[in-house]
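Below: one structure, written as structure tokens.
Within every chain, numbering begins at 1; the chains are lettered A, B, ... in the order of the sequence lines, protein sequences first and strands thereafter. Atoms considered below: every heavy atom in the structure, side chains included; atoms not considered: hydrogens, waters and symmetry mates. None of the values given here were measured: they were computed from a predicted structure.
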There are 2 protein chains.
Amino acid sequence: MQPSLDTVFAALADPTRRAILQMLLEDDMAVTDVADPFEMSLAAISKHLTILTRAGLISQEKRGRVKWCKLEPDALKSASVWMQGFGQFEPVNLDAFEAFLERELGTPAND
Amino acid sequence: MQPSLDTVFAALADPTRRAILQMLLEDDMAVTDVADPFEMSLAAISKHLTILTRAGLISQEKRGRVKWCKLEPDALKSASVWMQGFGQFEPVNLDAFEAFLERELGTPAND
DNA sequence: GGTTTGGTCAACCATTCGGTTGAATATGGG
DNA sequence: CCCATATTCAACCGAATGGTTGACCAAACC
């Protein structure tokens with residue numbers, strides 16, 4: 001199943017999963033280390049990570065017996081673009097926004 | 001219950017509800033008219049509208065025997081801001097973005 | 001080779017979700 | 001007043017969610 005708006009938004013709807021994403025913003029982490037600050041079983045965290053992976057929000061790579069989790073922030077792009085359609089509160093079109101990014105950063109906005 | 005990221009994202013996770021939001025982008029609508037294009041009962045749509053209301057994404061106002069539904073796009077702002085925290089894919093800080101909006105539109109970005 | 005360590009799997013459980021149907025509650029019109 | 005219209009309520013249903021526990025598997029260590 002490739003990530004859809006359904007799966008992305010559903011993945012974001014859980015506070016544990018959002019907290020995990022924010023932790024991964026710092027650095028890649030092993031599953032055990034992700035689970036550490038939470039007061040729930042490792043198996044539960046493992047499930048959350050599976051959901052995040054299926055939503056495309058993270059990727060997991062096994063090196064040795066350690067499975068590393070890595071943020072994949074591009075998955076947020078589709079959701080972000082969808083929300084920008086509600087331009088009434090953010091009255092800017094994507095073209096102008098990308099142009100802004102290019103001016104500010106000197107790099108194309110779409111990778 | 002005041003809208004949280006939980007309720008906002010959960011509300012957005014359903015395709016029917018996203019479709020409703022997009023319909024309301026056009027204009028305010030009565031509950032019956034919202035339900036019309038969907039192949040499900042009026043009661044089901046009524047439930048969806050309740051969920052959208054509790055998420056703060058729409059408001060409902062009863063005039064006569066008709067209940068009008070109105071988009072409240074500001075509710076997306078908190079979710080949007082949260083997602084912008086993942087600046088790796090959208091490498092711009094809010095201050096710069098607001099400054100951009102002011103330049104582009106000549107109005108303050110935050111209402 | 002036996003034992004940790006890291007992580008998933010499988011079964012289970014309570015709760016929530018998305019839908020149905022039928023009854024109930026306004027409000028408005030003739 | 002009676003009826004149609006607009007909408008919700010209440011009870012029910014099957015499926016999905018978020019959690020648990022214990023067994024399991026694979027890699028690493030002594």
Original post:
Which part of the nucleic acid, if any, lies within contact of B:Arg63, taking any heavy atom under 4.0 Å across all strands shown: a base, the sugar-phosphate backbone alone, or nothing?
Top reply: nothing
Original post:
For B:Lys62 and C:dT27, what is the distance between atoms NZ and C1' respectively, to the nearest whole Å?
Top reply: 7 Å
**OP:** Work out which heavy atom in A:Met40 is nearest to a heavy atom in A:Ala44; give both atom names and the distance.
**Re:** SD-CB, 3.7 Å
Original post:
Roughly how far, to the nearest 0.5 Å, is the CD atom of A:Glu61 from the NZ atom of A:Lys70?
Top reply: 9.5 Å
Subject >> Atom-pair distance (CG on B:Leu42; P on C:dG19), nearest Å >> reply: 13 Å
Original post:
So what does B:Ala43 hit on the nucleic acid, given a heavy-atom distance under 4.0 Å: a base, only sugar-phosphate, or nothing?
Top reply: base
Original post:
Taking the side chain of B:Val66 as its heavy atoms from C-beta onward, which of D:dG18, D:dT20, D:dA6 lies nearest to it?
Top reply: D:dA6
Original post:
Can you check the B:Asp36 CG to D:dT5 C1' distance for me, whole Å?
Top reply: 14 Å
**OP:** Look up atom CG in A:Asp6 and atom CZ in B:Arg18, then write down how far apart they are to the nearest 0.5 Å.
**Re:** 4.5 Å
Subject >> Nucleotide C:dC17, atom C1' - distance to CG of A:Asp6 in whole Å >> reply: 13 Å
**OP:** Measure from CD1 on B:Ile45 to C1' on D:dT8 and round the result to the nearest Å.
**Re:** 14 Å
Subject >> First encountered from the 5' end of DNA chain D, between A:Ser41 and B:Val31 >> reply: B:Val31
Original post:
What integer distance in Å separates A:Glu61:CD from C:dG6:P?
Top reply: 18 Å
Original post:
Between A:Asp33 and A:Met23, which heavy-atom pair has the shortest distance, and what is it?
Top reply: O-CE, 4.2 Å
Subject >> Whole angstrom value for the distance that separates P of D:dT17 from NE2 of A:His48 >> reply: 12 Å
Original post:
Nearest to the side chain of B:Arg65, which nucleotide is it out of D:dG19, C:dG28, C:dT5?
Top reply: C:dG28
Original post:
With a 4.5 Å limit on heavy-atom distance, are the side chains of B:Leu12 and B:Leu76 in contact?
Top reply: yes
**OP:** Could you check which of D:dT20, C:dT8, C:dG18 has an atom nearest any side-chain atom of B:Arg17?
**Re:** C:dG18
**OP:** With heavy atoms under 4.0 Å as the rule, sort B:Lys47 into base, sugar-phosphate or nothing.
**Re:** base
**OP:** Looking only at side-chain atoms of B:Met40, point me to the closest of D:dG19, C:dG18, C:dT20.
**Re:** C:dT20
Original post:
In whole Å, what is the span from the CD atom of B:Glu39 to the P atom of C:dG19?
Top reply: 12 Å
